S.K.: 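Sending over a structure as structure tokens; questions will come in a sec.
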Amino acid sequence: MLLGNGIGLSGEIDEIRSRLSVLSAREFEVLRLVATGMTNYSIGVDLGISERTAREHIARIMLKLRVGSRVEIAVIATKWDLLQSGAQG
């Protein structure tokens, strides 16, 4: 996980930014939907893709972000949204 080694907020921001920078635009869309708790089927319906394609996007996201679960995807997405909100306000 991100803060396991005590890298601090600045290091965490850089780590999240680095991890997310490797995602395609479509993968980033899927990441945001995973973070809301949507199922693969619901993600597929929302994006006009098959459930299998949604599952494949999620698998690639997990590989690129070096995480092992949907929960970890959601944690990273949530932290990113919080960091973005903090930077704007």
Side-chain angles (χ1 to χ4, degrees):
M1 201 48 133
L2 290 176
L3 280 178
N5 60 5
I7 57 177
L9 184 59
S10 177
E12 184 176 16
I13 292 168
D14 293 342
E15 177 70 14
I16 291 171
R17 184 175 289 123
S18 173
R19 288 186 186 199
L20 292 176
S21 70
V22 300
L23 299 181
S24 69
R26 181 58 123 191
E27 289 167 343
F28 204 81
E29 286 180 285
V30 172
L31 172 131
R32 288 188 176 279
L33 296 176
V34 167
T36 68
M38 291 179 79
T39 64
N40 294 348
Y41 176 81
S42 297
I43 290 169
V45 169
D46 193 68
L47 297 178
I49 58 177
S50 72
E51 182 177 1
R52 179 178 176 199
T53 301
R55 186 173 51 246
E56 290 172 359
H57 280 306
I58 293 166
R60 276 195 301 281
I61 291 167
M62 290 171 66
L63 284 172
K64 288 180 176 183
L65 296 182
R66 301 182 311 270
V67 298
S69 72
R70 294 170 74 101
V71 171
E72 289 177 284
I73 292 172
V75 168
I76 289 173
T78 301
K79 286 182 178 186
W80 177 249
D81 283 343
L82 290 173
L83 294 171
Q84 293 297 100
S85 297
Q88 293 173 0

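Everything numeric in this text was worked out from a predicted model, so none of it was measured.
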S.K.: Answer yes or no: is there a side-chain heavy-atom contact under 4.5 Å between Arg60 and Val30?
M.R.: no
S.K.: What pairs meet the salt bridge (Lys or Arg N to Asp or Glu O under 4.0 Å) rule with one or both residues in residues 42-53, with sequence neighbours excluded?
M.R.: Arg52-Glu56
S.K.: Pair Leu31, Val34 - check side chain to side chain contact (heavy atoms under 4.5 Å, CB included), show working.
M.R.: CA-CA 5 Å; Leu31 172 131; Val34 167; 5.7 Å; no
S.K.: Between CZ of Arg19 and CD1 of Ile73, what distance do you get to the nearest 0.5 Å?
M.R.: 11.5 Å
S.K.: Strictly distance-based, threshold 3.5 Å: is any side-chain N or O of Thr78 a donor or acceptor partner for the main-chain N or O of Ala74?
M.R.: yes
S.K.: For the side chain of Arg70 and the backbone of Met38, is there at least one donor-acceptor N/O pair under 3.5 Å apart?
M.R.: yes
S.K.: With a 4.5 Å cut-off on side-chain heavy atoms, are Leu65 and Ile76 touching?
M.R.: yes
S.K.: With a 4.5 Å cut-off on side-chain heavy atoms, are Arg32 and Trp80 touching?
M.R.: yes
S.K.: Counting only heavy atoms not in Phe28 (residues, nucleotides, ligands), do more than 12 fall under 6.0 Å from its CZ?
M.R.: yes
S.K.: Checking side chain to side chain contact (heavy atoms under 4.5 Å, CB included) against Leu33, which of Leu47, Asn40, Ile58 comes through?
M.R.: Leu47
S.K.: I'd like to check Arg26 versus Ile49 (side-chain heavy atoms, cut-off strictly below 4.5 Å). Are they in contact?
M.R.: yes
S.K.: To which residues is Leu63 joined in a hydrophobic cluster, defined by side-chain heavy-atom contacts under 4.5 Å among Ile, Leu, Val, Met, Phe, Trp and Tyr, whether direct or through other members?
M.R.: none
S.K.: For the CD atom of Glu72 and the CZ atom of Arg66, what is their distance to the nearest 0.5 Å?
M.R.: 11.5 Å
S.K.: Sequence neighbours excluded, which residues qualify as side-chain hydrogen bond (donor to acceptor under 3.5 Å, both in side chains) partners of Arg55?
M.R.: none
S.K.: Taking side-chain hydrogen bond (donor to acceptor under 3.5 Å, both in side chains) as the test, write out the residues that go with Ser50, two or more places apart.
M.R.: Thr53
S.K.: For Thr39, enumerate each residue passing the side-chain hydrogen bond (donor to acceptor under 3.5 Å, both in side chains) test, keeping only those at least two apart in sequence or located in another chain.
M.R.: Ser42
S.K.: Please name all residues satisfying side-chain hydrogen bond (donor to acceptor under 3.5 Å, both in side chains) with Arg17, sequence neighbours left out, ordered by chain then number.
M.R.: none
